[in-house]
Engineer: 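Have a look at the structure that comes next, please.
Chain A is the first sequence line, chain B the second, and so forth, proteins listed ahead of strands; every chain is numbered from 1.
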2 protein chains.
Amino acid sequence: MVAARAGVSRATVSRVVNGSPKVTPDVAHAVQEAIEAMGYVPNRAARSLASRRTQSVALVVPESAARVFADPFFASVVQGVALSLGETDYTLTMLIESELQPGKTRRYLLGGNVDGALVVSHHTGDHSYASLTDSLPVVFGGRPIEGNAPENHFVDVDNVHAAEIAVEHLIERGRRRIATIAGPQDMPPGVDRLAGWRRALERHGLDDSLIEVGDFTPASGASAMRRLLERGEGVDGVFVANDQMAIGAYSSIRAAGLSIPGDVAVVGFDDDNYAASATPPLTTVHQPSIEMGATMARVLVDLIEGRPVESVTFLPTNLVVRASA
Amino acid sequence: MVAARAGVSRATVSRVVNGSPKVTPDVAHAVQEAIEAMGYVPNRAARSLASRRTQSVALVVPESAARVFADPFFASVVQGVALSLGETDYTLTMLIESELQPGKTRRYLLGGNVDGALVVSHHTGDHSYASLTDSLPVVFGGRPIEGNAPENHFVDVDNVHAAEIAVEHLIERGRRRIATIAGPQDMPPGVDRLAGWRRALERHGLDDSLIEVGDFTPASGASAMRRLLERGEGVDGVFVANDQMAIGAYSSIRAAGLSIPGDVAVVGFDDDNYAASATPPLTTVHQPSIEMGATMARVLVDLIEGRPVESVTFLPTNLVVRASA
DNA sequence: TTGAAAGCGCTAACAT
DNA sequence: ATGTTAGCGCTTTCAA
């Protein structure tokens, strides 16, 4: 290690680089200068081999989740993760869970290649990662599909509650035949938003039979809306489980010669960047997606470094009222 | 290295793990079994320290990065990169260029932490990475903003040509007052698509003064369209530099009481997943975004491993005619 | 507070 | 074809 030409030993340089407290300021300074001057950059591999820490965390993305990237909500979460990690010394390794090579991801994670993992996805499958929790710090985006073990960490929003608020809004606007386009029922947000819709309706004694399920894509929203309309039972409002499907629903509503919100009011979920510029601008539940990602990263780093963290973090949502309802 | 309990030396195990040809099948087999049995996973850090290869590549995302993830086109490119890399032994490290810590990315890349880098972004700034080219294999997504040095590798589509085709379509449909909502003029796709629009118009002797510039976001598309309409010079067709802005333009066209494509026909660019479910479905230029990402990854790996590669790869586009024009 | 020395787990000549 | 022997560049006891 050439930087030892600052007149000290490699050990001392190492101490300076790692910000050890027990180095005389003078010496530290001299070393810093030598480092600058020589453009020294520590070798990650060597460092991690010696210290048994990798300074990197994995972002696990289930592949069926090709979807993940197409979904603006996820994209924001990833962005938040990346930005937040950028301020630390951790590096982000993206792992796409390949169906062709099952176990590859798992082996990678357990092989000591990362100090922790972030798992984002709406999907059921995630749960398989829960078992990693006791060998590696893991933080999930969104609650697990079923009961949560106390040692699982995740950050989420209260989907049930947020959905209720959204539906209440529709009711306040005088709507009585309120349908929903739900998300996949094997994903927590899909289940929870549907539950919230139902709860609000029940509270007001309204019919809760107008349900169609989509898969969070615009196309599925369009066809779900079409089915809803074809029932011929009348619909004057619809709560859609995400904005992408809401935009799809717009098409079908218009194709049926109906107006928004005149004939049918629509409320979405996510507040992605299409929501505001849709025609009409979409009333929707805002989720702090970037912050969710940032929080996941922060929690994971705290976990890795042994700082105290709460195992579940809920972030607030709010209804953004625009012109569609 | 305990797996040597297969009765051979660590060197042999190493050979087996790395698929060296000079190992007796029998021995290789025995070692494989020992590996399975013991659940052995090679340590990346040690391996990379010894071999001076990291088996990982960086995905560099310049910009306040926000944009990149919000843009479905980029999201697909990233997805393609990740999927393609998933089939190799390379790992993907995401680097967000932070404005707060300039040089951090650069140092990381030059610090021998990765075997190569992928740079995606529309932005001018990229060019600063061109200088990395001679210290590290680098593949760019999209051509550099200015003249390209022969040693720079990139994969792209022919934006000028694709835009021409799109505008020709508008002309064939009988449109004569054809405007464009261009992308930022410091980004190659922004410049090239505008050039293609102009070229087609000139060829037909049509007016090429109806230009407004946006920044690829839906909101900017909406306001650009509004400005175009407010000119009061008449517009019966518009070529928009990306789908997100096209969707934004839809709003303004409708807000002005005009119909699509009756009063103004619109053609977009990207064929992102909102295009097909817009109302009306958007006619747009399809870019093989996932494949672009996959190609970038493939080219980079070839470069790293010293296989022959062509320095620029153009992928084909095609016009997808739907209902908006 | 600093230096010396011993590895971290693996690969890569060099022998055999 | 396989084993031996050195390191890769850093961190980390342990002494001084």
Engineer: Below 4.0 angstrom, which residues in residues 45-57 of chain A have at least one non-hydrogen atom near DNA chain D?
Structural biologist: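 When residues 45-57 of chain A is checked for heavy atoms under 4.0 Å from DNA chain D, the hits, listed by number, are A46(A), R47(A), A50(A), S51(A), R53(A).
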Engineer: For a quick test of reading the model: is some side-chain N or O of T12(A) closer than 4.0 Å to OP1 or OP2 of dT2(C)?
Structural biologist: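 Checking T12(A) against dT2(C): no side-chain N or O falls below 4.0 Å of OP1 or OP2.
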Engineer: For T24(B) and N18(A), take the nucleotide of DNA chain D holding the closest heavy atom to each; which residue's nucleotide lies nearer the 5' end?
Structural biologist: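 Going by which nucleotide is closer to the 5' end, it is T24(B).
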Engineer: As an exercise, state the distance from OG of S135(B) to CG of L109(B), rounded to the nearest 0.5 Å.
Structural biologist: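 Here the interatomic distance stands at 9.5 Å.
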Engineer: Are Y108(B) and V114(B) side-chain neighbours, meaning at least one heavy-atom pair lies under 4.5 Å?
Structural biologist: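 A side-chain contact under 4.5 Å exists here.
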Engineer: If I take atom CD from residue E87(B) and atom CZ from residue R298(B), how far apart are they, to the nearest 0.5 angstrom?
Structural biologist: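 Output value for this atom pair is 9.0 Å.
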Engineer: Round to a whole Å and report the spacing from NE2 of H29(A) to C1' of dT2(C).
Structural biologist: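 After rounding, the reported distance stands at 19 Å.
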Engineer: For R10(B) and dG7(D), what is the distance between atoms CZ and C1' respectively, to the nearest whole Å?
Structural biologist: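 These atoms are roughly 11 Å apart.
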Engineer: Quick one: does any side-chain atom of D115(B) pair with a main-chain N or O of R53(B) as donor and acceptor, under 3.5 Å?
Structural biologist: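 Such a contact is absent between D115(B) side chain and R53(B) backbone.
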Engineer: If the helix axis at each end comes from five base pairs, how far does the helix from dT1(C)-dA16(D) to dT16(C)-dA1(D) deviate from straight, to 10°?
Structural biologist: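 Computed angle between terminal axes is 30°.
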Engineer: Rounded to the Å, how far apart are N113(B) CG and dC8(D) P?
Structural biologist: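 After rounding, the gap between these two atoms is 18 Å.
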Engineer: Specify the separation, in whole Å, of atom NZ of K22(B) and atom P of dA15(C).
Structural biologist: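 Between P of dA15(C) and NZ of K22(B): 14 Å.
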Engineer: What's V27(B) touching, base or sugar-phosphate or nothing? Going by heavy atoms closer than 4.0 Å.
Structural biologist: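 It contacts sugar-phosphate atoms only.
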Engineer: Working to the nearest 0.5 angstrom, can you tell me the gap between Q79(B) CD and I290(B) CD1?
Structural biologist: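 Here the rounded value is 4.0 Å.
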Engineer: If you apply the rule side-chain contact (heavy atoms from CB on, under 4.5 Å), what do you find for R47(B) with S14(B), and how did you get there?
Structural biologist: CA-CA 10 Å; R47(B) 199 210 281 244; S14(B) 175; over 6 Å; no
Engineer: Can you tell me the distance, in whole Å, between the CZ atom of R15(B) and the P atom of dC10(C)?
Structural biologist: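 My rounded result for the distance is 15 Å.
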Engineer: Taking OP1 and OP2 of dC8(D), is either one under 4.0 Å from a side-chain nitrogen or oxygen of N43(A)?
Structural biologist: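 Checking N43(A) against dC8(D): no side-chain N or O falls below 4.0 Å of OP1 or OP2.
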Engineer: Check whether any side-chain N or O of S14(B) sits under 4.0 Å from OP1 or OP2 of dA12(C), and answer yes or no.
Structural biologist: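 For dA12(C), neither OP1 nor OP2 has a side-chain N or O of S14(B) closer than 4.0 Å.
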Engineer: Please walk me through it: do V61(B) and L95(B) pass side-chain contact (heavy atoms from CB on, under 4.5 Å)?
Structural biologist: CA-CA 6 Å; V61(B) 176; L95(B) 259 32; over 6 Å; no
Engineer: Which atom pairs, donor and acceptor, lie under 3.5 Å between side-chain atoms of residues 25-33 of chain A and protein residues at least two apart or in another chain?
Structural biologist:
none

Engineer: Would you compute the distance between atom CG of L136(A) and atom CG of N113(A) and round it to the nearest 0.5 angstrom?
Structural biologist: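 The CG atom of N113(A) is 10.0 Å from CG of L136(A), to the nearest 0.5 Å.
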